[in-house]
Amino acid sequence: MVLTVKTTPQSRLLVSADWLATHSSQPDVKLVDVRSPNIYTDSHLPNALNLPLPALATVRDGVPEMLIDQPAFENRLGQLGLRETDTIVLYDGMWGLPAARALWALERYGHKSVHVLDGGFDAWQVEGRPLTNNSSATTARTIYHATPIDDRVATHDWLVAHLNDPDIVVVDTRTPNEYRAGHVPGAVNWDWMMSVPAGNSSPIRPPAELRTELASRGITPDREIVVYCRSGARSSHTYFTLRYLGYPRVRNYDGSWLAWSAKGLETTSRCQANSLRHE
């Protein structure tokens with residue numbers, strides 16, 4: 001059973017603490033803490049499972065922090081007792097950044113009902129809601145069935161092949177200094193922190209503000225958006241932001257700048273040469 005999250009259409013990926021408190025007792029609602037094991041052990045939300053981000057990462061072709069492959073992903077979620085039919089609510093203590101990375105991984109592998117807790121651990125704690133330092137109850141191992149959605153990920157080869165497509169907008173979500181030091185040809189810069197409101201733990205600013213600022217950079221919902229950062233973590237937050245805003249076509253570049261620079265100068269030069277030949 002996939003529960004309906006009663007929020008506005010643009011915010012269906014984000015659930016409130018009140019919603020979670022009301023629905024957390026449902027057997028198909030699974031709460032997942034994506035913080036490190038030691039922080040999780042110190043204090044976490046009741047009945048939360050622990051899925052630290054390194055458990056979803058691997059080294060592929062010499063590039064670290066790549067998303068694990070489908071069999072490993074299915075095995076990892078099965079170990080936690082999760083099923084593809086569960087409603088999964090993710091939380092962290094860092095403006096939704098690690099939670100967004102896990103959300104992207106789940107959506108890439110076809111999970112249909114996955115959400116981020118608005119304000120995460122910090123807001124839950126400030127509101128005086130229950131916490132525990134007990135390990136979550138042992139869950140029976142399950143068989144998790146993934147259904148990969150390739151439109152959620154940009155591989156290196158895919159990005160190279162589509163780099164000059166006018167329908168594609170490549171967004172570098174690193175800091176302006178990182179962007180100036182080197183970036184994918186044609187990419188526009190949108191620091192992921194620009195999505196985060198000042199002064200609270202919510203992962204996202206008001207939608208109207210974000211849409212206006214994104215449009216000023218040519219990041220519009222009628223185009224396909226490819227986001228990247230150093231390794232794909234920060235860009236996952238921007239992926240989440242765009243999905244929250246209702247952008248229908250968003251891809252996260254797995255491996256991001258680490259993957260690009262690993263194959264780097266030859267590919268960059270070739271892309272620039274191709275661009276010059278088409279002028």
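The model shown is predicted, which means the values in this text are computed figures rather than measured ones.
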What orientation do [X] and [Y] show, parallel under 30°, tilted 30 to 60°, or perpendicular over 60°?
X	Y	answer
Trp257	Tyr228	parallel
His111	Tyr144	parallel
Phe240	His237	perpendicular
Trp104	Tyr239	perpendicular

Should the pair [X]-[Y] be classified as a salt bridge under the 4.0 Å nitrogen-to-oxygen rule?
X	Y	value
Arg234	Glu178	yes
Lys30	Asp86	yes
Asp151	Arg251	yes

Subject >> Listed partners of Arg205 passing salt bridge (charged side-chain N to carboxylate O under 4.0 Å, His left out), at least two apart >> reply: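 Partners of Arg205 by the salt bridge (charged side-chain N to carboxylate O under 4.0 Å, His left out) criterion, ordered by chain and then number, come out as Glu209, Glu213.
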**OP:** Please assess Glu65 against Arg230 for the test salt bridge (Lys or Arg N to Asp or Glu O under 4.0 Å), listing each intermediate value before the final yes or no.
**Re:** CA-CA 10 Å; Glu65 300 179 54; Arg230 173 184 172 274; 3.3 Å; yes
Nearest-0.5 Å distance, [atom1] of residue [X] to [atom2] of residue [Y]:
X	Y	atom1	atom2	answer
Ile168	Arg249	CD1	CZ	6.5 Å
Ile149	Arg108	CD1	CZ	9.0 Å
Arg101	Leu106	CZ	CG	11.5 Å

Where [X] and [Y] come nearest, the two heavy atoms and their spacing:
X	Y	value
Leu117	Leu14	C-CD1, 4.3 Å
Leu13	Arg243	CD1-CB, 3.5 Å
Val169	Gly218	CG2-O, 3.5 Å

Original post:
Do Val116 and Leu56 belong to the same hydrophobic cluster, where Ile, Leu, Val, Met, Phe, Trp and Tyr are linked whenever their side-chain heavy atoms lie under 4.5 Å apart, directly or via other members?
Top reply: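 Yes: a chain of side-chain contacts under 4.5 Å links Val116 to Leu56.
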Original post:
Among the clusters formed by ILVMFWY side chains lying less than 4.5 Å apart, do Val32 and Leu97 turn up in the same one?
Top reply: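 They do not share one cluster, since no chain of ILVMFWY contacts under 4.5 Å joins Val32 to Leu97.
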Original post:
Given the rule in the side-chain contact (heavy atoms from CB on, under 4.5 Å) test, do Thr238 and Thr173 qualify, once you have shown the distances and angles that lead to the verdict?
Top reply: CA-CA 7 Å; Thr238 306; Thr173 70; 3.3 Å; yes
Original post:
Within a radius of less than 6.0 Å around CE of Met194, do more than 12 heavy atoms belonging to other residues, nucleotides or ligands occur?
Top reply: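 It does: Met194 CE has more than 12 such atoms within range.
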Original post:
Would one find more than 12 heavy atoms of other residues, nucleotides or ligands at under 6.0 Å from atom CH2 of Trp95?
Top reply: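 Not more than 12 within 6.0 Å, no.
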**OP:** Using the test side chain to side chain contact (heavy atoms under 4.5 Å, CB included), find all partners of Met66 that sit at least two apart in sequence or belong to another chain.
**Re:**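 For Met66 the side chain to side chain contact (heavy atoms under 4.5 Å, CB included) partners, ignoring immediate neighbours, are Thr58, Arg60, Val63, Asp254.
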Original post:
Does a donor on one side chain and an acceptor on the other come within less than 3.5 Å for Ser36 and Asn38?
Top reply: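 Note: Ser36 and Asn38 side chains meet the donor-acceptor criterion.
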